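A short worksheet on the structure shown next.
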Amino acid sequence: MATTATSAGVAPESGAPVGTGGTRSIEELEAIARRLREDIVRMTTKAGSGHPSSSLSAIDVMTVLYFGGFLRHDPKRPDWPDRDRFILSKGHAAPALYAVLGESDYFPRTLFDTLRRIGSPLEGHPNMRRLPGVEASTGSLGQGLSIGLGHALAARIDGRGYRTYVMTGDGEMEEGQVWEALMAAAQFRTANLTLIVDHNKAQQSNLVERVLDYRPLAEKLRVFHWHVEEIDGHDLRAIQSALSRAQEVGGRPQAIVAHTVKGKGISFVEADWSYHGKPLAEDELARALEELKN
Amino acid sequence: MVALAEKYEIKLGKATRDAFGEALRELGGQDERIVVVDGDVNNSTRTEWFAADNPDRFFNAGIAESNMIGIAGGLAASGKIPVVSSFACFILCNGFDQLRMSVAFPHLNVKVVGTHAGISIGEDGPSQMAIEDVALACALPGFTVVVPADEAATRAAVRAMMEHHGPVYLRVGRPKVPVVYRSEADAGFEIGKANRLRDGRDVTIVANGLMVSAALQAHDALAERGISARVLDVATVKPLDEAAIEAAARETGGIVVVEEHLAYGGLGSVVAMAAARRHACPMAFVNIDDTYAESGTPEALMEKYGLTSDDIVRAVEGLAGARKRG
Ligand SMILES: Cc1ncc(C[n+]2csc(CCOP(=O)(O)OP(=O)(O)O)c2C)c(N)n1
Ligand SMILES: [Mg+2]
C-alpha cells in the first residue's frame, strides 16, 4: 500500500507549487531518489572529480525533505523571505544538493554537465552567490549549524514561520564550532532549527570511530538539551516520521541522527570508505548505473 | 599545469606536497623529537608517509584544526618539534587565533604546513583555495614564511625549517610543478635568502612558489623582445631578503612581483614595503588581486585569474612603458 508523504507544505504567496509537486507516495519518492543517485554518479564522473560517496549517503534524507512535502520553497522565488532553509554544511556533498535543486527546477538539468567547469555556477562546493537555491557557501566543515542558527533567530525576530534545516557530516561533528552552535541553539530555544547528521561512519582518512571515537552521538546531543531522533537514514518512511515529529517539538532544537551508508546504492563503493572524494571511473559508472536500476 | 609545461617544453617534477611528505618521512627517521599532527587529511598532505614509519609520533586529530594548533603549541613547549598540517586554508584560517596565542605570542617551535595552496588546486573551488594564507602567516610576529618553487626547493626548505628554531609556515601545492632546480644542492636554499635565477639589466621579476617557473618563461619571452629581466626566487617571504630587493631596485630600476595569492598582504606588499624603505622604484604586481576564484582546471584558472607567463610579460611591458613616459 502506498503511503502518502506528510505535507507540511504551504504554497508561497505567489501560489507557485511547493518544490516540484504536492504529496507523493513512497514509491514515487523512491523513484526520485534513484534518479538523483544516477545524476550524482553521472555528473561527478563527467567532472572527473568530486565526492559521490558523500552525496549518496545524504540523498535519501534530502529527497524526503525536498520532495516529500517538508521543505516549503519556491524555485521561482529563491529569495522568498518565508521559505524554509536547507543548509548543506558538508559542502563537499554538493552533487547531492545540485541534484535536488535541478530536480526542483532551480536550473536546467543540462547544467549537471558543467559541474566543476570554469564559468559554471555548479562549483566544487556550494556557492550561494552563484546558484539560486543554495542557502550558504560551504566547504570549510563545521560552519553550517552556526549559520542555520542565525537564520532561525532571524525568523524569530521577524515573526516568520519558516524552518531551517542543516545537514552535517559525522566527521564534521569533530569541529568544535559545531558544539558551540549546539549549545547556543539549545540556550536560545530555537524550535525552528533541525540538524540532520549524515552518520555514514566514515570521514576522509578513516572510519570516524578510528579517528575520534565520540560515540554515542545521540546521547551526546541529548545531554546538550536537543530533542533527538535516531533513524535509518535510507528508510524513507522513517525519515518522514522523524521530520514530522521534529516539527512538533516545542521549545527545543531537534537533531536527527541519520544512520547511513557512505556510497549507498552502489555495492563496491559501500564496501570501501577509501572512495571518499573519488568519482567513479567510466567502467565503474556503467556498473553503478546497472546496480541502481534494480 | 601540464598544458603550460608542454607549451614551453618544461619538465614537470613532483607536487611540492609530495616533496614535503618525502622529506618529512626521511627527517622523521633521524630526529625523534619530530611529532606530526594532521587533521583527517593525512592522505592529501602526505603526512601519512611519516605516519606509516612513526605511528607513535603521529596524531590524526580529526577535522578540528584549531585544536591541532593548540596541541602543537603544547608539544613544542615540552621540547618536541611538532609539524601540524592540513590544507593551507583550513590550518591558517580555522586555526588563526590559536596560531596567535598558542604559537606566535609565546614564540614556540611549531612548524605549520599548509598544502593545497592557491587556485592551482583547481576543481574543488574557492572554499578549498588558500589565497590569503601568506598574508595571515606574515601578520604573526616572529613567524618565518616559506613558499618553495619546486620539488628540490621544497625538500631543502623542509630540512631548513626543521633546523630553524622558531615558528615557520611552509606553503606547498597540490599539482605537479615544473622543475626549477636540478637538485637540493642546486636549490641552495637558505631561510631569508633570495635566489637569483637569471641576471638582467632592465627589470627584476620577483616570484615564489609555482610562479617561479612562469617567471622563467617570461624571462625567455622578454629576451626575444630585447628586454633583459633579472629573476629572483624569493621563497622566504618573511624575513625578506631586503638586500636582494634593494639591489634589484638600484640595478634594474623596476620590479614586478608575481605570486599565487591575493594582492593585499602577500609577497607584493612585503617587497613594496622593502623597496619603499631601501630604494623606491616603479613596480607592478601580478597576483589574484582582490577576489575569490571559482572551480575549473588549474590551467584555465591560472589563465582567467591572470597568473601566466604572458601576464608577467604584459606587466613588465606596462612597467617599461610607464617608466618611459615618466
Ligand atoms: C575545516 C575543514 N577541514 C578539512 C576539510 C577537508 N575534508 C573534506 S571532506 C572531509 C571528510 C568529511 O567527513 P564527513 O564529515 O564524515 O563527511 P562524509 O564525506 O563522510 O559525508 C574532509 C576532512 C574541510 N573540507 N574542511
Ligand atoms: Mg562521514
Side-chain angles (χ1 to χ4, degrees), chain A residues 44 46-51 89-92 94 114-131 136-143 168-180 202-214 273-274 276-279, chain B residues 37-48 51 58-70 85-98 116 119 121-130 132 174-175 291-305:
Chain A
T44 45
K46 170 117 193 170
S49 62
H51 299 75
S89 188
K90 43 169 271 185
H92 57 285
T114 68
L115 176 68
R116 293 176 161 246
R117 297 246 183 95
I118 198 156
S120 170
L122 272 58
E123 295 191 349
H125 294 74
N127 182 339
M128 67 182 281
R129 287 284 165 248
R130 293 191 67 194
L131 192 65
S137 298
T138 52
S140 181
L141 295 166
Q143 304 191 19
T168 57
D170 50 3
E172 181 178 14
M173 295 301 285
E174 293 161 358
E175 283 286 0
Q177 185 183 348
V178 178
W179 299 88
E180 296 174 21
Q203 47 191 96
Q204 174 172 326
S205 64
N206 214 321
L207 299 176
V208 178
E209 64 177 75
R210 293 197 200 140
V211 179
L212 297 181
D213 187 356
Y214 57 66
W273 58 262
S274 73
H276 178 90
K278 284 184 200 133
Chain B
V37 187
D38 201 296
D40 191 37
V41 288
N42 29 303
N43 44 353
S44 298
T45 60
R46 310 306 195 201
T47 58
E48 64 179 358
F58 174 80
F59 298 92
N60 182 354
I63 310 173
E65 293 77 11
S66 40
N67 184 45
M68 286 162 53
I69 304 286
S85 55
S86 181
F87 284 21
C89 55
F90 306 133
I91 201 154
L92 259 296
C93 301
N94 198 318
F96 195 71
D97 191 16
Q98 287 71 21
H116 297 64
I119 64 174
I121 64 157
E123 289 82 355
D124 273 345
S127 68
Q128 320 288 300
M129 292 170 174
E132 57 286 272
R174 177 175 184 271
T291 184
Y292 291 100
E294 62 191 285
S295 290
T297 63
E299 301 83 48
L301 292 172
M302 298 299 266
E303 294 252 8
K304 180 160 177 181
Y305 291 88

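In this text the structure is predicted, and so the values were computed from the model without any measurement.
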Reported CD1-to-NZ distance for the pair B:Ile63 and A:Lys90, which is rounded to 0.5 angstrom: 10.5 Å

Using non-hydrogen atoms only, which part of A:Ser49 is less than 4.5 Å away from chain B: side chain, backbone, both, or neither? side chain

Among the listed options A:Pro126, A:Gly124, A:Gly91, the residue most often paired with chain B at heavy-atom distances under 4.5 Å: A:Gly124

Under 4.5 Å from any heavy atom of chain B - which part of A:Arg210: neither

Side chain, backbone, both or neither: which part of B:Glu48 has an atom under 4.5 Å from a heavy atom of chain A? neither

Show your reasoning for whether side chain to side chain contact (heavy atoms under 4.5 Å, CB included) applies to A:Arg116 and B:Asp124. CA-CA 7 Å; A:Arg116 293 176 161 246; B:Asp124 273 345; 2.9 Å; yes

Please state whether the side chain, the backbone, both or neither of A:Glu175 comes within less than 4.5 Å of a heavy atom of chain B. both

Looking at B:Ala300, B:Gly125, B:Ser127, which one has more heavy-atom pairs under 4.5 Å with chain A than the rest? B:Ser127

Which atoms of B:Asp38 come close to chain A, meaning under 4.5 Å heavy atom to heavy atom: side chain ones, backbone ones, both, or neither? neither

Looking at B:Cys89, B:Ser66, B:Pro126, which makes the most heavy-atom pairs under 4.5 Å with chain A? B:Pro126

Look at A:Gly142, A:Ser137, A:Gly119 and state which one has the largest set of heavy-atom pairs under 4.5 Å with chain B. A:Gly119

B:Gln128 side chain to A:Gly139 backbone, donor-acceptor under 3.5 Å: yes

Taking side chain to side chain contact (heavy atoms under 4.5 Å, CB included) as the test, write out the residues that go with B:Ala64, two or more places apart. B:Asn67

Which atom pair, heavy atoms only, marks the closest approach of B:Gly62 to A:Gln203? CA-NE2, 4.4 Å

Using non-hydrogen atoms only, which part of A:Ser274 is less than 4.5 Å away from chain B: side chain, backbone, both, or neither? neither

Could you go step by step and tell me if B:Glu303 and A:Ile118 meet the side chain to side chain contact (heavy atoms under 4.5 Å, CB included) rule? CA-CA 11 Å; B:Glu303 294 252 8; A:Ile118 198 156; over 6 Å; no

Please tell me whether B:Asn60 and A:Ser205 have a donor and an acceptor in their side chains that are separated by less than 3.5 angstrom. yes

Checking salt bridge (Lys or Arg N to Asp or Glu O under 4.0 Å) between B:Glu294 and each of A:Arg129, A:Arg117, A:Arg130, which is the one that passes? A:Arg130

For residues A:Gln204 and B:Val41, report the shortest heavy-atom separation together with the two atoms involved. OE1-CG1, 3.6 Å

For B:Arg46, which residues count as a salt bridge (charged side-chain N to carboxylate O under 4.0 Å, His left out) partner, sequence neighbours excluded? B:Asp18

Got a second to check how far A:Leu115's CG is from B:Ser295's OG, nearest 0.5 Å? 7.5 Å

